[in-house]
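Letters A, B, ... mirror the listed sequences (proteins, then strands); counts begin at 1.
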There are 2 protein chains.
Amino acid sequence: MEQKTDISTLSLALMGLIVQQPQSGYDIRKTFATTPMGHFSNSPGAIYPALKRLEKDGWIRGKVDDAQALRPRKVYEMTPRGRGVLKRYLRRPVTRDDVIWRMDDLMLRFALMDGIVGRAATLGFLDSLARELEAYVAHLRSFLADVGASMPAVGRLAMEQGIESYAVNAAWARRAIKELETGA
Amino acid sequence: MEQKTDISTLSLALMGLIVQQPQSGYDIRKTFATTPMGHFSNSPGAIYPALKRLEKDGWIRGKVDDAQALRPRKVYEMTPRGRGVLKRYLRRPVTRDDVIWRMDDLMLRFALMDGIVGRAATLGFLDSLARELEAYVAHLRSFLADVGASMPAVGRLAMEQGIESYAVNAAWARRAIKELETGA
DNA sequence: CGATACATGTAACCGGTTACATGATTTT
DNA sequence: AAAATCATGTAACCGGTTACATGTATCG
């Protein structure tokens with residue numbers, strides 16, 4: 001029995017909302033439309049099919065709620081199996097590839113994990129995130145030091161923008177660790 | 001005669017390399033593999049089909065170079081039509097949607113535009129980029145001020161990360177303007 | 001009566017990812 | 001002889017985007 005371990009960022013966002021409180025696709029769309037969570041999509045043509053897939057995989061379960069709505073709503077809730085998959089996914093180590101290719105995904109994982117796998121795991125996550133970011137920043141800086149002189153000004157500036165972005169994320173992660181350790 | 005105006009980030013990166021110097025898919029892959037440009041893809045299954053599409057659209061033209069290679073290389077060069085499309089694309093105004101959904105694309109546009117549409121356009125681009133970023137940061141900050149108190153600590157921290165990223169990009173854009181104005 | 005909110009969906013399209021194929025030459 | 005380099009590609013799959021479809025109920 002092979003275990004599928006890959007989850008798209010959108011699916012992760014959907015599960016992250018559903019795990020906090022059972023809700024319908026429409027509810028999710030409203031959240032996406034009114035908060036920065038909308039960063040993860042805003043089109044029904046992505047959300048409804050994604051919910052179907054999650055249901056087909058047995059990670060969420062939809063119940064038709066015909067009670068008082070104009071049109072029957074389908075309220076999804078997490079299955080135990082889905083919770084397990086989600087926990088495993090959230091506990092995956094942070095890789096270099098993640099920080100290069102999937103920063104969005106990492107931030108979403110961070111936002112969800114505290115409530116699902118606990119504070120200790122969150123702190124560990126932030127620490128490894130900071131390490132990977134710092135290592136990557138060092139790599140980019142040395143690349144820039146090597147070839148920067150021979151690059152046109154705009155090329156150098158573009159690289160600096162990238163480096164600064166990663167660096168500010170690393171600093172943020174360090175600060176987040178402190179806040180979570182001292183705060184509640 | 002409708003004019004297609006949409007260009008994927010990968011296609012833009014390909015044209016950006018080819019416009020600077022005619023080259024083959026393999027050359028491009030090497031650049032992607034050894035520089036941060038690799039951020040825009042690294043798989044032949046994306047690059048070769050994308051080159052074919054660009055050729056089919058008449059934006060680039062490939063010539064087989066059978067000279068001394070082990071296996072014949074196909075060297076692509078820009079067509080006048082392709083140059084026109086590229087210029088028009090690079091001159092498009094910066095929108096709010098761009099900064100939310102396509103920051104990568106914006107940075108690539110910045111890196112390419114100086115050489116293709118000139119310094120003045122680049123400075124104008126940076127100014128409107130900074131404005132859009134600052135406006136979006138203000139929007140996010142006011143959202144956070146409204147609902148931040150009622151959010152869990154990790155939610156607030158996640159939002160702060162996003163805000164800081166945009167803010168550092170805005171500051172970078174302002175600094176880039178100064179450097180490009182005073183430098184060469 | 002028309003617009004808006006509620007609520008869920010489908011179909012066509014596009015393009016990126018993964019994995020594999022091909023085949024010559026040079027290096028170990 | 002095996003592995004790596006040069007160089008280009010294809011096929012299957014997946015999932016996101018866009019645009020459209022559907023139907024009720026309430027509000028102005």
Winner on side-chain proximity to Y26(B), out of dG16(D), dT5(D), dG15(C), is dT5(D)
Can you measure K63(B) atom NZ to dT8(D) atom C1' for me and round it to whole angstrom units? 20 Å
State which of dG9(C), dT17(C), dT8(D) makes the closest approach to the side chain of A46(B). dT17(C)
Separation of R102(B) atom CZ from dG16(D) atom P, in whole Å? 17 Å
Which nucleotide wins on minimum distance to the side chain of S43(B), given the candidates dT17(D), dG15(D), dT18(C)? dT18(C)
I want to check one thing: is the phosphate of dG15(D), taken as OP1 and OP2, less than 4.0 Å away from some side-chain N or O of R53(A)? yes
Under-4.0 Å side-chain N/O to phosphate OP1/OP2 contact, K30(B) with dT5(D): no
Most 5' of Y76(B) and F40(A) on DNA chain D, judged by nearest nucleotide: Y76(B)
Just how far is it from atom CD of E179(A) to atom CG of L157(B), taken to the nearest 0.5 Å? 5.0 Å
Side-chain N,O (S41(B)) to OP1/OP2 (dT17(C)) below 4.0 Å: yes
Check the distance between dA11(D)'s C1' and K52(B)'s NZ and give it to me in whole angstrom. 13 Å
Under 4.0 Å between a Lys/Arg side-chain N and an Asp/Glu carboxylate O for R175(B) and E164(A)? yes
What is the distance, rounded to the nearest whole Å, between atom CG of L10(B) and atom C1' of dC14(C)? 13 Å
Nearest-0.5 Å distance, CG of residue L144(A) to CD1 of residue I163(A): 4.5 Å
Without decimals, in angstroms, what is the distance between I7(B) CD1 and dT17(D) P? 19 Å
Pairs: protein N or O with nucleotides 19-22 of chain D N or O, under 3.5 Å:
from: dT22(D); atom 1: O2; to: R71(A); atom 2: NH1; distance (Å): 3.0

Among D27(B), L51(B), L54(B), L86(B), whose side chain to side chain contact (heavy atoms under 4.5 Å, CB included) with I18(B) holds? L51(B)
D105(A)-Y89(A) side chain donor-acceptor pair, cut-off 3.5 Å: yes
Close side-chain approach of K74(B) to D65(B), heavy-atom, < 4.5 Å: no
Taking atom P of dT17(D) as reference, at what distance in whole Å does atom CG of N42(A) sit? 7 Å
With the side chain defined as heavy atoms from C-beta on, S24(B) is closest, among dG16(D), dT8(D), dG9(C), to dT8(D)
is_close_aromatic(Y76(B), W59(B)), centroid dist under 6.0 Å: no
Whole-Å distance between dG16(D) C1' and L12(A) CG? 16 Å
d(NZ, K74(A); C1', dG23(D)) in whole Å: 17 Å
